[in-house]
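This is a predicted model, so every value here is computed, not measured.
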Amino acid sequence: MICRKCKAPAEVSLPSHNTAFCRDCFAIYFTRQVEKAIRHHALIKYGERVLVALSGGKDSLTLMLELSRLEYDVTGLHVDLGIPVSSSAARAKVEGFCERHGLKLNVVELAKHGLPIPDVKKYINRPVCSACGKIKRHWFNRVALEGGFQVLATGHNLDDEVARLFANTLRWDAGYLSDQGPCLEAESGFARKIKPLYRLTEFETACYAFLNGIEIHSAPCPYSGGASFTGHKELWANLEYTSPGTKIAFYDGFLLRGRPAFAHVEQQSGAALAPCESCGSPTSTGLCGVCRLGIAVAERRAAAPDRQSDPDRQSTPDLQSDPDR
Amino acid sequence: MITVFVEPDNETLTFARHNTVLMLQRRLGLRVNDALIIRGGRLLTPDSRLNDGDEIRIRKVMSTG
Ligand code: SF4
Ligand SMILES: [Zn+2]
Ligand SMILES: [Zn+2]
């Protein structure tokens with residue numbers, strides 16, 4: 001195969017776009033897709049400061065590198081979850097990457113805030129991933145607010161977005177379908193949330209990471225019960241294989257025609273938000289969910305200090321039946 | 001003989017011969033954009049020819065968590 005643009009030997013074949021590129025022309029194509037996303041959806045305005053959530057995976061590091069090359073004012077944020085082995089490996093990848101490219105980085109250590117994920121798993125009777133996700137979102141929002149960032153960027157790619165949209169469509173989740181997309185405007189004390197890689201597939205971000213020598217953290221979290229939406233992603237990979245271009249058409253069609261059709265549904269606004277009494281994050285409950293989690297973990301840790309040295313015990317009957325969690 | 005290292009499974013496979021990347025992908029049940037096919041610091045497109053003695057790295061891209 002030869003590059004569609006310059007006729008050099010191609011390295012990346014993209015049946016979805018009926019094309020193939022050499023590495024240099026692929027870099028140009030990739031940048032164009034990011035610029036197009038930013039322009040069409042006004043993701044970043046001139047002079048705004050962007051906080052980029054960095055997990056250490058290929059998508060987040062790719063996003064950070066690309067935004068910095070486009071000369072946006074970016075700062076990375078890594079949340080160190082405190083999970084033995086896997087968290088320190090992910091953090092080392094993020095720190096090494098930022099150092100190599102001279103990029104600014106903030107690290108939040110959950111252990112320093114009393115909420116390392118292993119303790120959340122041990123003491124809180126709810127699926128650890130839902131608590132973990134909530135804690136990560138809390139810190140992304142909080143660092144964005146406290147650090148004066150107008151924008152919070154995440155590395156979600158087209159496959160992530162299509163799988164999520166598909167799942168919500170299967171449920172006809174009107175709330176989701178009325179307002180999701182690559183840009184969630186700032187409101188109630190939250191920064192604007194953006195997904196500049198939404199036009200690029202997982203394959204394309206993986207190519208970018210490889211071609212730019214990005215070392216990624218790919219070991220799965222020990223608590224992960226398999227990827228979310230894996231079944232849907234598989235289904236979509238087959239659809240895309242038989243009908244190239246289906247993914248982006250589905251997603252763009254949603255933004256253009258689906259979302260507007262649902263827009264009127266949503267206006268049932270929730271309870272008014274006020275700053276959390278403890279940490280200042282917007283909440284409708286006085287004390288925000290993460291501060292309440294922190295208190296619950298601290299209390300149970302104090303009540304059962306012996307369990308810290310017993311890694312095999314995951315949960316106890318009294319906690320499992322505790323209605324107030 | 002072609003040696004294939006598969007990530008993230010960290011599996012090493014050997015094949016007597018395969019003419020092209022596409023044949024190798026079919027053999028492993030991979031669609032065209034399911035994985036990066038890497039040889040010596042370069043990415044290979046499906047039509048690329050494989051040679052005896054090649055060391056190929058296959059990096060599956062579907063994220064796992
Ligand atoms: S898989 Fe691990 S890192 Fe991901 S949400 Fe669950 S606990 Fe957190
Ligand atoms: Zn080219
Ligand atoms: Zn709080």
Side-chain angles (χ1 to χ4, degrees), chain A residues 1-3 9-17 20-23 26 55 57-60 86 90 129 132 155-157 159-160 163 201-211 213 216-230 233-234 236-242 244 247, chain B:
Chain A
M1 266 179 202
I2 56 168
C3 173
E11 284 194 66
V12 182
S13 159
L14 298 177
S16 303
H17 297 271
F21 292 121
C22 70
R23 61 172 64 195
F26 175 72
S55 64
K58 65 184 186 311
D59 300 315
S60 64
S86 95
C129 292
C132 179
H156 294 92
N157 58 44
D159 292 276
D160 297 329
T201 63
E202 210 148 38
F203 177 75
E204 291 164 327
T205 61
C207 287
Y208 183 99
F210 173 80
L211 293 171
I216 56 172
H217 175 69
S218 53
C221 171
Y223 303 155
S224 137
S228 46
F229 308 130
T230 306
K233 280 191 175 178
E234 188 59 33
W236 274 93
N238 282 323
L239 268 177
E240 185 69 28
Y241 180 69
T242 48
K247 278 180 202 165
Chain B
M1 175 114 100
I2 294 161
T3 311
V4 176
F5 184 74
V6 186
E7 299 175 13
D9 320 46
N10 292 340
E11 239 187 313
T12 304
L13 309 167
T14 52
F15 295 101
R17 58 179 296 241
H18 272 288
N19 290 335
T20 62
V21 166
L22 186 62
M23 288 171 67
L24 177 63
Q25 285 174 313
R26 291 233 169 100
R27 173 78 175 265
L28 294 170
L30 294 168
R31 287 156 302 221
V32 172
N33 285 359
D34 281 351
L36 307 189
I37 314 294
I38 303 163
R39 181 176 62 197
R42 289 181 63 85
L43 295 175
L44 299 180
T45 51
D47 62 318
S48 306
R49 299 202 76 79
L50 297 174
N51 307 311
D52 195 34
D54 269 354
E55 290 182 7
I56 306 289
R57 185 172 289 264
I58 292 192
R59 182 172 293 166
K60 295 183 190 168
V61 300
M62 205 179 284
S63 62
T64 51

Next item on the list: Below 4.5 Å from any heavy atom of chain A, which atoms of B:Ile38 appear? Answer side chain, backbone, both or neither.
Entry: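 Only the side chain of B:Ile38 comes within 4.5 Å of chain A.
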
Next item on the list: Using a strict 4.0 Å threshold on nitrogen-to-oxygen distance, state whether A:Glu234 and B:Arg31 make a salt bridge.
Entry: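 Judged by the 4.0 Å cut-off on N to carboxylate O distance, A:Glu234 and B:Arg31 do form a salt bridge.
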
Next item on the list: Step by step, work out the side chain to side chain contact (heavy atoms under 4.5 Å, CB included) result for B:Leu36 and A:Phe203.
Entry: CA-CA 8 Å; B:Leu36 307 189; A:Phe203 177 75; 3.7 Å; yes

Next item on the list: Identify which of B:Thr45, B:Leu44, B:Asp47 forms the greatest number of heavy-atom pairs closer than 4.5 Å to chain A.
Entry: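 When all of B:Thr45, B:Leu44, B:Asp47 are compared, B:Thr45 has the most.
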
Checklist line | Interface residue of largest heavy-atom contact number with chain B, from A:Pro9, A:Ala206, A:Ser55, under 4.5 Å | finding: A:Ala206

Margin query: What's the separation between atom SG in A:Cys207 and atom CG in B:Asn33, rounded to the nearest 0.5 Å?
Written below: 7.5 Å

Margin query: Using heavy-atom distances under 4.5 Å, tell me whether A:Ala20 contacts chain B through its side chain, its backbone, both, or neither.
Written below: neither

